[in-house]
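Structure first, then comments.
Just follow the structure's listing: the first ligand is 1, and inside any ligand the first atom is 1.
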Amino acid sequence: MITIALSKGRIFDDILPLLKSAGIEVLDDPDKSRKLILDTNQPDVRVLLVRATDVPTYVQYGGADMGVVGKDTLLESGTQGLYQPLDLQIAKCRISVAVRESFDYAAAMKQGSRMTVATKYVAIARDFFASKGVHVDLIKLYGSMELAPLTGLADAIVDLVSTGNTLKANHLVEVERIMDISSHLVVNQTALKLKQAPIRKIMDAFALAVKQKD
Ligand code: PRT
Ligand code: MG
C-alpha cells in the first residue's frame, strides 16, 4: 500500500492531473464526502486528507509514504528526515511583505528603526529581516494576517500572495517579494527503501508531467 498525504483545496486540485499522469484517480470528492482516507482506482494507493501544515509530520513519521506540501510550510516547519525529490510547480504563489497604503516602508527599513511584523511565517520573516539588518518585533498569527496592519496590531505582514486581490481588498500593498513558492513532493526515507518500485513509478510519472508542462 502506498499512502499519499494531501491537503484539501488548491494543492488537492492541482495535484489531480499529476496523479492522473501516474495512472491514479481519486474516487471520492473531498468537497462532498467527509472521508479522510480516500480510495483511488489503484487498489494499493490511497490518499490521506490532512492539514497543509501536518503533511510534513505525517510523511516524516511514516503515517504517509509521500506527500505534497508548499515550500512555505517546508521552510517554516523544518524538513528533517524528509526526502524532497521534486518541485511539482503547482499551487504557485510568492511570500511577500505588505503594509498599509499610507505606511512609509522605506523609512521603517532604515537602520536603527523598529518595525512590528505579524505573520504565520515567523522563521521565514526572521531570516529575511535579519538578512537586511533590520530589527523587527514578530507577532505570530495563524490566519487573516491582513487584519494586523488595519487594526494597528502590526506595521507590516509577511504572507502568501497569488493574485494580490486579498491585499487590494484590504487596502494593503505588496512592498517586497521575499521568495517564490510552489509545492514539492516529499517522501519518507524508509518507505523509499522498502517500497522503492511503486514510489519510483509515481515520482517518475510526476517528474515527466512537470517537465512536459514547461
Ligand atoms: O487553510 P489552512 O489553514 O487549512 O492551511 P493552509 O493555508 O496552509 O492551506 P491552503 O490549502 O490554504 O494552502 C496550501 C498551500 O497552497 C500553501 O502552503 C501555499 O504553498 C499554497 N498557496 C498558493 C497559497 C496561495 N497560493 C494563496 N494565495 N496559500 C494561501 N494563499 C492565500 C493568500 O495568503 C491569500 O490570503 O490565499 C489568499 C488569496 O490570495 P490572493 O493573492 O490570490 O488574493
Ligand atoms: Mg489557507
- Message: With the threshold set at under 4.0 angstrom, would you say Glu146 reaches ligand 1 through any of its heavy atoms?
- Response: yes
- Among Asp14, Thr166, Leu167, which one has a heavy atom closest to atom 44 (O) of ligand 1? Thr166
- Note on the structure: The atoms of ligand 1 lying under 4.0 Å from a heavy atom of Asp72, numbered in the order shown, are 17 (C), 18 (O), 19 (C), 20 (O)
- Query: Should we count NZ of Lys211 as having more than 12 external heavy atoms under 6.0 Å?
  - Reply: no
- Examine the proximity of ligand 1 to Asp159 and report which part, side chain or backbone, both or neither, has a heavy atom under 4.0 Å away. side chain
- Message: Test of understanding: given a 4.0 Å heavy-atom threshold, classify the contact between Ile181 and ligand 1 as side chain, backbone, both, or neither.
- Response: side chain
- Message: Would you say CD of Gln80 has more than 12 non-hydrogen atoms from neighbouring residues, nucleotides or ligands within 6.0 angstrom?
- Response: no
- Which atoms of ligand 1 are found less than 4.0 Å from any heavy atom of Ala91? 21 (C), 22 (N), 23 (C)
- Numbering the atoms of ligand 1 from 1, which are under 4.0 Å from a heavy atom of Gly70? 20 (O)
- Any pair with a residue in residues 145-156 that passes side chain to side chain donor-acceptor pair (under 3.5 Å), sequence neighbours left out, goes on the list, sorted by first then second residue, please. none
- Query: Between Asp28 and Ser33, does any side-chain donor sit less than 3.5 Å from a side-chain acceptor?
  - Reply: no
- Go through ligand 1 atom by atom and flag the ones less than 4.0 Å from a non-hydrogen atom of Ile11. 14 (C), 15 (C)
- Query: With atoms numbered from 1 as shown, which atoms in ligand 1 lie under 4.0 angstrom from a non-hydrogen atom of Arg51?
  - Reply: 2 (P), 3 (O), 4 (O)
Side-chain polar contacts of residues 57-69 - donor-acceptor pairs under 3.5 angstrom, sequence neighbours left out - could you list them?
unit_1, atom_1, unit_2, atom_2, d
Asp65, OD1, Lys195, NZ, 3.1
Asp65, OD2, Thr3, N, 2.8
Asp65, OD2, Lys195, NZ, 3.0

- Report yes or no: does Glu76 contribute a side-chain atom to a donor-acceptor pair with the main-chain N or O of Ile124 at less than 3.5 Å? yes
- Could you see which bit of Lys8 sits under 4.0 Å from ligand 1, with heavy atoms only: side chain, backbone, both or neither? backbone
- Message: Show the atoms of ligand 1 that are less than 4.0 angstrom away from any heavy atom in Thr73.
- Response: 18 (O)
- Query: Are side-chain heavy atoms of Val26 and Phe12 found at a separation under 4.5 Å?
  - Reply: yes
- Message: Is the shortest side-chain heavy-atom distance between Tyr83 and Ile199 below 4.5 Å?
- Response: no
- Message: As a check for students: among Lys120, Arg10, Glu174, identify the option with a heavy atom nearest to atom 37 (O) of ligand 1.
- Response: Arg10
- Query: With side chains defined as the heavy atoms from C-beta onward, is the minimum distance between Met179 and Arg94 less than 4.5 Å?
  - Reply: no
- Task: Pull out every atom of ligand 1 sitting under 4.0 Å from any heavy atom of Val161, numbered as shown with elements.
- Result: 42 (O)
- Query: Can Gly9 be said to touch ligand 1, with heavy atoms closer than 4.0 Å?
  - Reply: no
- Item | Contact partition for Ser162 relative to ligand 1, non-hydrogen atoms under 4.0 Å | both
- Item | Ser96 backbone acceptor or donor facing Asp159 side chain under 3.5 Å | no
- Message: Can you tell me which portion of Met145 lies within the under-4.0 Å heavy-atom range of ligand 1? Options are side chain, backbone, both, or neither.
- Response: neither
